[in-house]
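All remarks here apply to the structure that follows.
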Amino acid sequence: MIIYKPTPKISAMTFDLDDTLYDNWPYIIEAEKGLLNFIAKAYPDSSHLSRDDWQQYKQQALRNDPELFSDMGDLRRIILTKGLEGSGYRGKALADAVQTCFDWFYFERSNFKVGEAQCQLLAKLAEHLPLVAITNGNVNTQQIGIDGYFQHTFKASRKSPMKPHAHMFDQAAAYLNISRGSILHVGDNLEKDVWGATNAGFSSAWYACDRPMQIENESVQVLPNVEIHQLDELLAFI
């Protein structure tokens, strides 16, 4: 553990999920690839659409409605609607196709289990402190096996802008109803997690599971209270 700033007594922890408790990117990549194959087979009128075509629908949706940056679910539904509608699907057939494709992707995006070591750590922490999840993504916490460790999960949406915006931190602070400085937020992103938590008055711990932790290679706006290299170092706070 590297200590950058004094940390008050910790009475609760909030956790980022993607790339903190598990390496998220491989599952997203596989789900994206699989979705294109699924759409082409299940809805052959759209089989001509390439990955670049779907990316163009995504970029257009974000240009039209920047709030979609904070709502991955709404964004995907809009992309699917545009692509399938442009391929000739209409009415109930279109609505059913969008829902089917969305459900397929959401299941595959969450089609893994968090490791036993991480689960054991969360269980130990939860015996002593309330734990809350704060995520910019939309992973199914029940499907990946961590739902039972968290008292509540806050997910980014149109009404809850993604980190580093303070909204979800404010929600977590209101839910926990304790001094913000005594809440330790654990996350991999030095802007979205550490800077966001610091601006919201939280303490912060930097931990990334998806890449070498070399702070000189990161975009740093503010230092965390601590940098940890194994998640079980968090046990020092209980």
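The side-chain contact (heavy atoms from CB on, under 4.5 Å) check on H165 picks up P161, H167, with sequence neighbours excluded. For D65, the salt bridge (Lys or Arg N to Asp or Glu O under 4.0 Å) test picks out R158, with sequence neighbours left out. In this structure D71 satisfies the salt bridge (Lys or Arg N to Asp or Glu O under 4.0 Å) test with no other residue, sequence neighbours excluded. In this structure, E233 has no salt bridge (Lys or Arg N to Asp or Glu O under 4.0 Å) partners at least two apart in sequence or on a different chain.
Evaluation of the side-chain hydrogen bond (donor to acceptor under 3.5 Å, both in side chains) test over residues 174-183, restricted to residues two or more places apart or in two chains, returns D170-R180. Residue pairs that meet the ring pair (Phe, Tyr, Trp, His ring centres under 6.0 Å) test with at least one member in residues 203-238, sequence neighbours left out, do not exist here. Within the structure, side-chain hydrogen bond (donor to acceptor under 3.5 Å, both in side chains) pairs that include any residue of residues 125-140 comprise R109-N138 (at least two apart or interchain). Within the structure, salt bridge (charged side-chain N to carboxylate O under 4.0 Å, His left out) contacts touching residues 181-208 (residues at least two apart or in different chains) are K163-D193, D188-R211. Listed by first and then second residue, the salt bridge (charged side-chain N to carboxylate O under 4.0 Å, His left out) pairs involving residues 84-103 are K92-D96 (not counting sequence neighbours). Sorted by first and then second residue, the pairs that involve residues 110-119 and meet side-chain hydrogen bond (donor to acceptor under 3.5 Å, both in side chains), not counting sequence neighbours, are E108-N111, E116-Q120.
Side-chain atoms of C119 and I146, non-hydrogen and from C-beta on, do get closer than 4.5 Å to each other. No side-chain heavy atom of I28 sits under 4.5 Å from any side-chain heavy atom of M72. No side-chain heavy atom of L125 sits less than 4.5 Å from a side-chain heavy atom of Y149. The shortest distance between side-chain heavy atoms of V132 and F15 does not fall below 4.5 Å. Counting heavy atoms from C-beta on, the side chains of L49 and S46 come closer than 4.5 Å.
Under the 4.5 Å side-chain heavy-atom criterion for grouping Ile, Leu, Val, Met, Phe, Trp and Tyr, L129 is connected to L17 within one hydrophobic cluster. Transitive grouping of hydrophobic side chains (ILVMFWY, heavy atoms separated by less than 4.5 Å) brings I238 and L21 into a common cluster. Criterion: ILVMFWY side-chain heavy atoms under 4.5 Å apart, direct or through other members. Under it, L235 and V186 are part of a common hydrophobic cluster. Following chains of ILVMFWY side-chain contacts shorter than 4.5 Å, one can reach L231 starting from I144, so the two form part of one hydrophobic cluster. M168 is not connected to V222 by any chain of hydrophobic side-chain contacts under 4.5 Å among Ile, Leu, Val, Met, Phe, Trp and Tyr, and they are in different clusters.
Q56 and D52 are not linked by any side-chain donor-acceptor pair at a separation below 3.5 angstrom, with hydrogens and angles left out of the test. A donor-acceptor pair shorter than 3.5 Å can be found between the side chains of Y22 and D18.
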Exercise for review: Report the C-alpha distance between Q99 and R77 in whole Å, list the side-chain angles of each, state the deciding distance to 0.1 Å, and finish with yes or no for side-chain contact (heavy atoms from CB on, under 4.5 Å).
Suggested key: CA-CA 8 Å; Q99 188 62 51; R77 288 181 187 279; 3.0 Å; yes
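Remark: the backbone N or O of L190 is not paired with any side-chain donor or acceptor of E218 at under 3.5 angstrom. Looking only at distances, no side-chain donor or acceptor of K155 sits under 3.5 Å from a matching main-chain atom of I134. Judged purely by atom type and a 3.5 angstrom limit, D19 uses its side chain to pair as donor or acceptor with the backbone of N24. Counting only distance, with no hydrogens or angles, the side chain of S70 and the backbone of M162 share a donor-acceptor pair below 3.5 Å.
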Throw together a table of side-chain donor-acceptor distances under 3.5 angstrom for residues 195-204, partners on residues two or more places apart or in other chains.
| from | atom 1 | to | atom 2 | distance (Å) |
| --- | --- | --- | --- | --- |
| T198 | OG1 | V194 | O | 2.8 |
| S203 | OG | G181 | O | 2.6 |
| S204 | OG | N225 | N | 3.4 |

Which atom pairs, donor and acceptor, lie under 3.5 Å between side-chain atoms of residues 32-45 and protein residues at least two apart or in another chain?
| from | atom 1 | to | atom 2 | distance (Å) |
| --- | --- | --- | --- | --- |
| E32 | OE2 | R76 | NH2 | 2.8 |

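Ring orientation note: the planes of Y106 and F102 are close to parallel, at an angle under 30° on the 30°/60° scale.
The environment of I29 atom CD1 is dense: over 12 non-hydrogen atoms of other residues, nucleotides or ligands sit within 6.0 angstrom.
The shortest heavy-atom contact between L68 and A61 is CD1-O, 3.6 Å. Of all heavy-atom pairs between F105 and A31, the closest is CE1-CB, 3.4 Å.
Note that CZ of F150 and CD of Q142 are 14.0 Å apart. Values are rounded to the nearest 0.5 Å.
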